[in-house]
Amino acid sequence: SEKSIELNLSRIKIVLKRLYNIEMSVNLLRVVKSIYNGNEIGGDVKYIEKELFMLIGKKNIIIFIEKLYNQYPKDNSFSSYANPFINILSRIEKYKYEYNILSKYTMSIRQRYKKNREENEINEEDVDKLVDMNPDIIIPKIDKLENCYMKALASVYILQPPRRLLDFTNMVYINDDRNLDKNLNYIYKESHDMYYFIYNVYKTNKTFGKQIIEINCDVKKYLLPYL
């Protein structure tokens, strides 16, 4: 339906912007709409190859899955944002390999979500206590917080895979990653728009060692004004 197509396009735009800082072009929009309407796209596949490059090839599709899961670690949210891309790949014969990788992974996520849901039924009186952590819903709530500190704090705990409270204790802001103290965690500015969390000190650091996590666009929006 037209409503479903518009929802899928909206989710594609969100993913491209958040994961790759890419704006969906008019040509790509036209081609994807055509695909969703069941039309052959012929030579227009070049727009898919140019702008949806992250879906093409084994290495790229795996990186895409990792990025998408880091952005949407909740199983249901991941599936919702993966489906529009699965629909595109499923309708282009030359991308059946990439379609199989993404669809099988997403199916396993759906099955896990269903299993967890069945094992974690809640009482009706507790339903109203639940908070939807989908970024599209939670970001407007963060925007309403009263100051930069509160917004930055909320973003690092809500808009990325969760960390323990102590992971952000004694965190230092740097723009040079040489000669780092192993007893501190860092916010590292590599360039104008590339920032990372460097975790040396956390509960399981003896097992996993130093972790370097790229700070996503949503977190940067609230964290950088506070620094």
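Every value quoted in this text rests on a predicted model; they were computed, and no experiment measured them. All residue numbers refer to positions in the sequence shown, counting from 1. When reading the values below, keep in mind they use all heavy atoms of this one structure, side chains included, and skip hydrogens, waters and symmetry mates.
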Review point. Would you say the side-chain atoms of N39 pair up with the backbone N or O of I35, donor to acceptor, closer than 3.5 Å?
Key: no
Pair up each side-chain donor or acceptor in residues 220-227 with any protein partner under 3.5 Å, not counting sequence neighbours, and list the distances.
unit_1: K220; atom_1: NZ; unit_2: D193; atom_2: O; d: 2.5
unit_1: Y222; atom_1: OH; unit_2: D143; atom_2: OD1; d: 2.5

Check your understanding: Going by heavy atoms in the side chains, are Y199 and N205 under 4.5 Å from each other?
Key -> no
Check your understanding: From I5 CD1 over to S34 OG, what is the distance, rounded to the nearest 0.5 angstrom?
Key -> 10.0 Å
Exercise for review: Tell me, please, which residues at least two apart from Y97 pass side chain to side chain contact (heavy atoms under 4.5 Å, CB included).
Suggested key: K58, I101
Exercise for review: Using the rule that two of Ile, Leu, Val, Met, Phe, Trp, Tyr join whenever any of their side-chain heavy atoms come within less than 4.5 Å, decide whether L29 and I48 are in one cluster.
Suggested key: yes
Side chains of residues 14-22: which donor-acceptor partners sit under 3.5 Å, not counting sequence neighbours?
unit_1: K17; atom_1: NZ; unit_2: N21; atom_2: OD1; d: 2.9
unit_1: K17; atom_1: NZ; unit_2: E23; atom_2: OE2; d: 3.2
unit_1: R18; atom_1: NE; unit_2: D218; atom_2: OD1; d: 3.4
unit_1: R18; atom_1: NE; unit_2: D218; atom_2: OD2; d: 3.0
unit_1: R18; atom_1: NH1; unit_2: Y72; atom_2: OH; d: 3.0
unit_1: R18; atom_1: NH1; unit_2: D136; atom_2: OD1; d: 3.4
unit_1: R18; atom_1: NH2; unit_2: D136; atom_2: OD1; d: 3.2

Review point. If you group Ile, Leu, Val, Met, Phe, Trp and Tyr by side-chain heavy-atom gaps below 4.5 Å, do L28 and V45 land in one group?
Key: yes
Check your understanding: By side-chain hydrogen bond (donor to acceptor under 3.5 Å, both in side chains), which residues pair with D44, not counting sequence neighbours?
Key -> R30
Review point. In chain order, what residues pass the side-chain hydrogen bond (donor to acceptor under 3.5 Å, both in side chains) check against S25, with sequence neighbours excluded?
Key: E51
Exercise for review: Sort and list the pairs that fulfil salt bridge (charged side-chain N to carboxylate O under 4.0 Å, His left out) and have at least one residue in residues 94-103, not counting sequence neighbours.
Suggested key: E49-K94
**Study point:** Connected via hydrophobic side-chain network under 4.5 Å: I63 and I215
**Key:** no
Point to revise | Side-chain heavy-atom pair N185, Y202 within 4.5 angstrom cut-off | key: no
Review point. Yes or no on side chain to side chain contact (heavy atoms under 4.5 Å, CB included) for M54 and L52, after CA distance, side-chain angles and deciding distance?
Key: CA-CA 5 Å; M54 69 291 299; L52 298 183; 4.2 Å; yes
Review point. Which pair of heavy atoms, one from A82 and one from L102, lies closest together, and at what distance?
Key: O-CD2, 4.3 Å
Review point. Do K151 and N147 touch side chain to side chain, with heavy atoms closer than 4.5 Å?
Key: no
Check your understanding: With sequence neighbours left out, what residues match S90 under side chain to side chain contact (heavy atoms under 4.5 Å, CB included)?
Key -> Y99
Exercise for review: Could you grab the distance from atom OG of S4 to atom CG of L9, nearest 0.5 Å is fine?
Suggested key: 10.5 Å
Review point. Among all residues two or more places apart in sequence or in another chain, which pass the side-chain hydrogen bond (donor to acceptor under 3.5 Å, both in side chains) test with R11?
Key: none
Review point. Do the side chain of N60 and the main chain of F53 share a donor and acceptor less than 3.5 angstrom apart?
Key: yes
Check your understanding: For Y95 and L89, which heavy atoms make the closest approach, and how far apart are they?
Key -> CB-CD2, 3.7 Å
Review point. Quick one: salt bridge (charged side-chain N to carboxylate O under 4.0 Å, His left out) pairs with a partner in residues 198-211, sequence neighbours left out?
Key: none
**Study point:** Verify same cluster id: M171, L165 (apolar side-chain graph, 4.5 Å)
**Key:** yes
Review point. Under 4.5 Å between side-chain heavy atoms, hopping through other hydrophobics if needed: is there a path connecting I142 to M150?
Key: yes
Check your understanding: Any sub-3.5 Å donor-acceptor pair from N70's side-chain atoms to E66's backbone N or O?
Key -> yes
Check your understanding: So, do Y105 and F78 have ring centers that fall under 6.0 Å from each other?
Key -> yes
Practice item. Under 4.5 Å between side-chain heavy atoms, chaining through other members, with only Ile, Leu, Val, Met, Phe, Trp and Tyr counted: pull out the rest of the cluster around Y188, sorted by chain and number. Key: V172, I174, L180, L184, Y186, M194, Y196, I198, I212
Revision key, fill the gap. Of all heavy-atom pairs linking P84 and S80, the shortest is CD-O, 3.3 Å
Exercise for review: Can you label the angle between the Y195 ring and the Y173 ring as parallel, tilted or perpendicular, going by 30° and 60°?
Suggested key: parallel
Review point. So, do N200 and D181 sit near enough that their side-chain heavy atoms are less than 4.5 Å apart?
Key: no
Check your understanding: Can you find a heavy atom in the side chain of I88 that is under 4.5 Å from one in the side chain of Y36?
Key -> yes
Review point. Within a strict 4.5 Å, meaning less than it, do heavy atoms of the I61 and I56 side chains meet?
Key: no
Review point. In Å, rounded to the nearest 0.5 Å, how long is the span from SG of C217 to CG of L159?
Key: 11.5 Å
Study note, to complete from the structure: In short, F208 meets Q211 closest at the heavy-atom pair CB-NE2, 4.2 Å
Check your understanding: Do the side chains of N8 and V32 get nearer than 4.5 Å, heavy atoms only?
Key -> no
Exercise for review: Kindly say whether K67 contributes a backbone atom to a donor-acceptor pair with the side chain of Q71 at under 3.5 angstrom?
Suggested key: no
Revision key, fill the gap. Residues pairing under salt bridge (charged side-chain N to carboxylate O under 4.0 Å, His left out) where one sits in residues 154-177, two or more places apart or in two chains, turn out to be R163-D167, D176-R178
**Study point:** E6 side chain near E2 side chain, heavy-atom distance below 4.5 Å
**Key:** yes
Review point. Got a sec, which residues hit side chain to side chain contact (heavy atoms under 4.5 Å, CB included) with L153, two or more places apart in sequence or on another chain?
Key: Y149, Y157
**Study point:** Pairwise distance OG(S155) to CD(Q160) - rounded to 0.5 angstrom
**Key:** 7.5 Å
